[in-house]
Amino acid sequence: MNPKHLQPDVPECSLCADPAVVYQRNAGRHLCGAHFTADVELRVADTIRTRRMIIPQDRVAVALSGGKDSTALLLLLSQLLPAWQDVRLIAITIDEGIIGYREETIQSAERLTRHLGIEHHCISFTDLFGDSLDTVLKGRETQACSICGILRKKALVVGAQQAGATKLATGHNLDDEAQSVLMNVFRGDLPRLVRNSGAGSSGKFIPRIKPLSLISEKEIAMYLMLNDAWNELPECPYTHHALRREVRSMLSGFEYMHPGTMLHLMESKKKIERYCAGSLISAPLHACRECGDPCSGDLCQVCSLLRSLGK
Amino acid sequence: MKLILPDHEVLILEHDPAPVEQVLLEQGINPLEVIVTRNKKMISEDTVIEADDEIRIIRIAHGG
Ligand SMILES: [Zn+2]
Ligand SMILES: [Zn+2]
């Protein structure tokens with residue numbers, strides 16, 4: 001008897017007959033670890049190319065939290081970029097100051113950049129805004145993710161500018177993106193639904209790119225595990241308060257029952273963007289009275305947040 | 001079969017051979033939210049698991 005038949009219940013890779021690690025429901029095929037890894041790399045390269053996310057001579061700053069998505073992003077880019085002309089990678093880590101959570105992920109980020117030989121910059125909320133996130137959030141825990149999001153975005157832009165980056169890459173995956181669409185709909189926030197995406201505009205903005213936006217959260221976790229980069233890291237303690245948590249579990253239930261749900265949400269968003277083109281709801285840009293950043297009102301989001309925090 | 005759940009709790013099940021997917025659903029777990037390994041090797045959701053298998057279920061935590 002052929003030894004293979006000793007385990008008749010292990011499905012085989014549709015491309016090479018090795019044991020499968022995944023059944024891709026959309027493509028209707030099984031893949032082994034090596035072919036799955038190659039498939040993820042191919043799809044990310046394709047996203048970057050068709051959306052012109054990276055061009056020759058770019059200096060790409062990767063927002064590296066040390067968590068799974070950004071770790072996968074840095075691994076993938078460092079794997080893919082040698083094929084691009086003169087593109088350089090740097091990693092930027094933001095230390096928000098979250099006790100019992102950030103220490104481990106920062107160490108993981110440091111190990112990874114050292115291993116890959118990638119220039120690494122670290123910026124802390126304390127350096128930039130005068131306080132750690134933990135301090136800022138006392139009594140405001142329910143707003144944790146929105147406050148942190150605004151400050152982290154600013155910190156990343158500062159880090160990217162200091163590093164002379166021409167692009168800022170984040171590890172947002174398909175699940176994140178689909179959740180954001182739904183959350184903006186739930187909140188009745190159409191302008192934000194449309195505004196979020198842009199590859200960025202000219203002038204002071206460093207264009208943001210999301211090379212993993214068509215890769216699911218599970219695929220990212222599998223990619224890491226198959227490439228020995230899986231770490232069981234703590235989850236941010238503030239996510240317990242977040243609406244995103246509920247949306248995440250609901251949406252992944254829908255995706256399981258109705259494969260393609262997340263991609264359909266992304267298509268809906270694109271259609272809305274097209275319909276809105278030109279008639280965009282946002283006011284003309286001014287310079288922020290405090291910091292000079294472009295914004296729609298008198299004060300930018302960061303400065304008005306800092307003001308409301310008594311800074 | 002022996003199931004090691006995401007919170008490391010160990011569950012011994014009297015179960016006929018069945019696809020991983022079915023066992024997960026019976027435990028109230030969405031297969032999209034976990035990775036399953038047998039003998040430290042990742043397996044696809046339609047892999048049939050048997051009485052003497054030890055199966056580890058790893059939850060995919062959210063986070064950047
Ligand atoms: Zn294969
Ligand atoms: Zn400002």
Side-chain angles (χ1 to χ4, degrees), chain A residues 7-13 19-25 30-33 36 63-71 73 94 101 105 152 170-173 175-176 179 216-218 220-222 224-226 230 232-236 239 242 244-245 248-249 251-257 259 262, chain B:
Chain A
Q7 277 195 314
D9 299 322
V10 179
E12 290 178 350
C13 174
V21 297
V22 66
Y23 177 69
Q24 293 183 315
R25 297 192 296 173
H30 287 94
L31 292 181
C32 66
F36 172 78
L64 178 68
S65 69
K68 69 178 189 335
D69 301 317
S70 62
T71 296
L73 176 62
I94 307 303
Y101 165 64
T105 50
R152 182 159 18 84
T170 59
H172 292 93
N173 59 46
D175 297 54
D176 295 328
Q179 288 156 18
S216 76
E217 186 166 41
K218 177 164 179 172
I220 288 174
M222 290 174 55
L224 289 174
M225 207 174 269
L226 289 165
W230 174 263
E232 278 209 63
L233 290 169
E235 201 160 32
C236 176
T239 59
R244 184 174 289 274
R245 205 185 177 86
R248 178 182 188 243
S249 119
L251 194 50
S252 104
F254 265 88
E255 179 66 38
Y256 178 68
M257 295 303 291
M262 294 191 192
Chain B
M1 58 189 68
K2 185 170 164 188
L3 291 190
I4 304 171
L5 299 177
D7 59 2
H8 305 294
E9 189 195 332
V10 177
L11 211 62
I12 308 288
L13 292 182
E14 292 290 331
H15 205 300
D16 290 333
V20 178
E21 187 171 8
Q22 183 191 326
V23 177
L24 290 175
L25 292 175
E26 286 166 6
Q27 295 301 315
I29 297 172
N30 177 347
L32 294 183
E33 295 179 357
V34 295
I35 290 175
V36 179
T37 63
R38 175 171 63 187
N39 304 325
K40 304 212 161 145
K41 287 221 164 67
M42 199 184 294
I43 52 176
S44 72
E45 287 142 15
D46 54 347
T47 304
V48 172
I49 51 179
E50 324 230 356
D52 52 354
D53 277 339
E54 182 176 310
I55 301 296
R56 183 178 287 272
I57 301 166
I58 301 154
R59 188 169 295 283
I60 303 163
H62 177 67

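So you know, we letter chains A, B, ... as the sequences are listed, proteins then strands, and number each from 1.
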Taking the side chain as every heavy atom from C-beta outward, state whether B:Val20 and B:Arg38 have any atom pair closer than 4.5 Å.
no

Checking heavy atoms, do the side chain of A:Arg152, its backbone, both or neither come under 4.5 Å from chain B?
neither

Chain B contact via A:Ser216 - side chain, backbone, both or neither, heavy atoms under 4.5 Å:
neither

Which atoms of B:Val36 approach chain A - backbone, side chain, both or neither, heavy atom under 4.5 Å:
neither

With a 4.5 angstrom heavy-atom cut-off, which part of A:Val21 approaches chain B: side chain, backbone, both or neither?
both

Minimum side-chain heavy-atom gap A:Asp175-A:Leu251 below 4.5 Å:
no

A:Asp176, part contacting chain B, at a heavy-atom distance under 4.5 Å:
side chain

Between B:Arg59 and B:Asp7, is there a donor-acceptor pair closer than 3.5 Å when you use the side chain of the first and the backbone of the second?
no

Indicate whether the side chain of A:Thr105 and that of A:Ser65 have a donor and an acceptor atom separated by less than 3.5 Å.
no

Ionic contact status for A:Lys68 with A:Glu217, cut-off 4.0 Å
yes

Inspect the contact between A:Lys218 and A:Glu255 and indicate whether a charged nitrogen and a carboxylate oxygen are less than 4.0 angstrom apart.
no

Region of B:Ile60 in contact with chain A, defined by heavy-atom distances below 4.5 Å:
both

So, the part of A:His172 with a heavy atom under 4.5 Å from chain B: the answer is neither

